[in-house]
Asks: 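Structure below; questions to follow.
Residues: numbered from 1 along the sequence shown. No experiment lies behind these values; they were computed from the predicted model shown. When a ligand or atom number is given, it counts from 1 through the structure's own listing order.
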Amino acid sequence: MSALAESLSGIRAKMAAACGRAGRRHDSVNLIAVSKTFPVDAIREAMDAGLTVFGESKLQEAEPKIEMLPSSLHWHFIGRVQRNKVRKLLESFEAIHGVDSLRLAEHMNQVSSETGATRRIFLQVNIGEEDSKGGFAPGELGQAMEDLLKLNRLEILGLMAIPPADPNPEAARPWFARLRDLRDSLEKAHGVELPELSMGMSADYEIAIEEGATWVRVGSSLFGKRAYRVDGELG
Ligand SMILES: *Cc1c(COP(=O)(O)O)cnc(C)c1O
C-alpha cells in the first residue's frame with residue numbers, strides 16, 4: 001500500500017468513527033482531497049487509492065492539473081473567488097465553496113445564465129467574525145438569503161466556514177456548532193433545504209463531523225506537509 005493509501009485508510013477510519021460517535025451514517029460525509037500545491041502525480045496516486053473529489057484554491061494552478069487528469073474527477077474550488085475569474089471557475093469546477101457576498105453570487109448567477117448552466121455553491125460564513133477572513137457575517141445572512149434564493153442559476157448547497165485558528169482542535173467545536181445552528185435557522189426562516197455543511201480540515205475534521213459536517217476538506221493529513229502557502233487561501 002502506498003503512503004497515501006495508508007493515510008487515506010486512517011482518515012476513512014477516523015471519519016467512520018466520528019460518524020459512529022455522532023449517530024450518523026458513514027456515508028453521510030464526503031471527503032474532499034485538497035490537492036493544492038501537490039503535483040498531478042500525487043493526485044493520480046490519490047485516484048488510484050479511490051479518491052474522486054479534489055479541492056483546489058487557485059485557478060491558475062488548478063487549470064493545467066484538471067486538464068491533465070481524467071474528466072471523471074470532481075473538482076471543488078475552495079479558494080477566494082475573484083470576480084474576473086468567475087467564468088473560468090464555473091467552467092472547471094463542479095462546486096464553489098467560497099461564495100462570500102451577495103454581489104459575487106449575483107455576478108455568478110449572471111455568468112451562469114449566459115452559459116446555461118446551474119452551479120452548486122456553498123455560502124462562506126465568517127463564523128468567527130474575523131477581520132482577516134471573508135464571508136457573510138452570521139447576522140447578515142438571514143437578510144441576504146431572500147435575494148440569494150432568487151438567483152435561479154445557483155444551487156445553494158449549504159454553508160462553509162473556517163473557524164478562527166487555534167492550536168487546540170477542540171476550540172473549533174463551538175464554531176462548527178454555530179454554523180450548523182445558523183444553517184438550521186436559515187432553513188426554518190426561509191423554508192428551504194441547505195443540506196450541506198463544508199467544515200473541517202486536517203486538524204479538526206473529526207470534530208466537524210461530530211458537529212454535522214457533510215464535506216470535510218483534508219489536505220496535509222492525506223498528501224503530506226505543503227511546501228508553501230498559496231495566495232488566495234481563505235484561511
Ligand atoms: C488548504 C485548505 C484546506 C486543507 O487544509 P489541511 O489543513 O491541509 O487539511 C481546507 N480548506 C481550505 C479552505 C483550504 O484552503
Asks: Under a 4.0 angstrom heavy-atom cut-off, which atoms of ligand 1 come close to Gly219?
Replies: 4 (C), 6 (P), 8 (O), 9 (O)

Asks: Is there a heavy atom in His97 that sits closer than 4.0 Å to ligand 1?
Replies: no

Asks: Considering only heavy atoms of Ser202, which atoms of ligand 1 have at least one such atom less than 4.0 Å away?
Replies: 6 (P), 7 (O), 8 (O), 9 (O)

Asks: With heavy-atom distances below 4.0 Å as the criterion, list the atoms of ligand 1 near Ile162.
Replies: 13 (C)

Asks: If you count every heavy atom of other residues, nucleotides or ligands that lies below 6.0 Å from Arg120 atom CZ, does the total exceed 12?
Replies: no

Asks: Please give me the minimum heavy-atom distance between Ala172 and Asp204, naming the atom from each residue.
Replies: CB-OD2, 3.8 Å

Asks: When you measure from the side chain of Lys65 to the backbone of Ser35, do you find a donor-acceptor pair of N or O atoms at a distance under 3.5 Å?
Replies: yes

Asks: Looking at every heavy atom in both Ser57 and Lys36, which two are closest together, and how far apart are they?
Replies: OG-CD, 3.4 Å

Asks: Should one rank Arg217, Met201, Lys36 by closest heavy-atom distance to atom 2 (C) of ligand 1, which comes out on top?
Replies: Lys36

Asks: Taking 4.0 angstrom as the limit and counting only heavy atoms of Val218, give me the atoms of ligand 1 inside it, by number and element.
Replies: 9 (O)

Asks: Could you list the donor-acceptor pairs under 3.5 angstrom formed by side chains in residues 66-79, with sequence neighbours left out?
Replies:
from  : atom 1 : to    : atom 2 : distance (Å)
His74 : ND1    : Glu94 : OE1    : 2.8
His74 : ND1    : Glu94 : OE2    : 3.2
His76 : ND1    : His97 : NE2    : 2.8

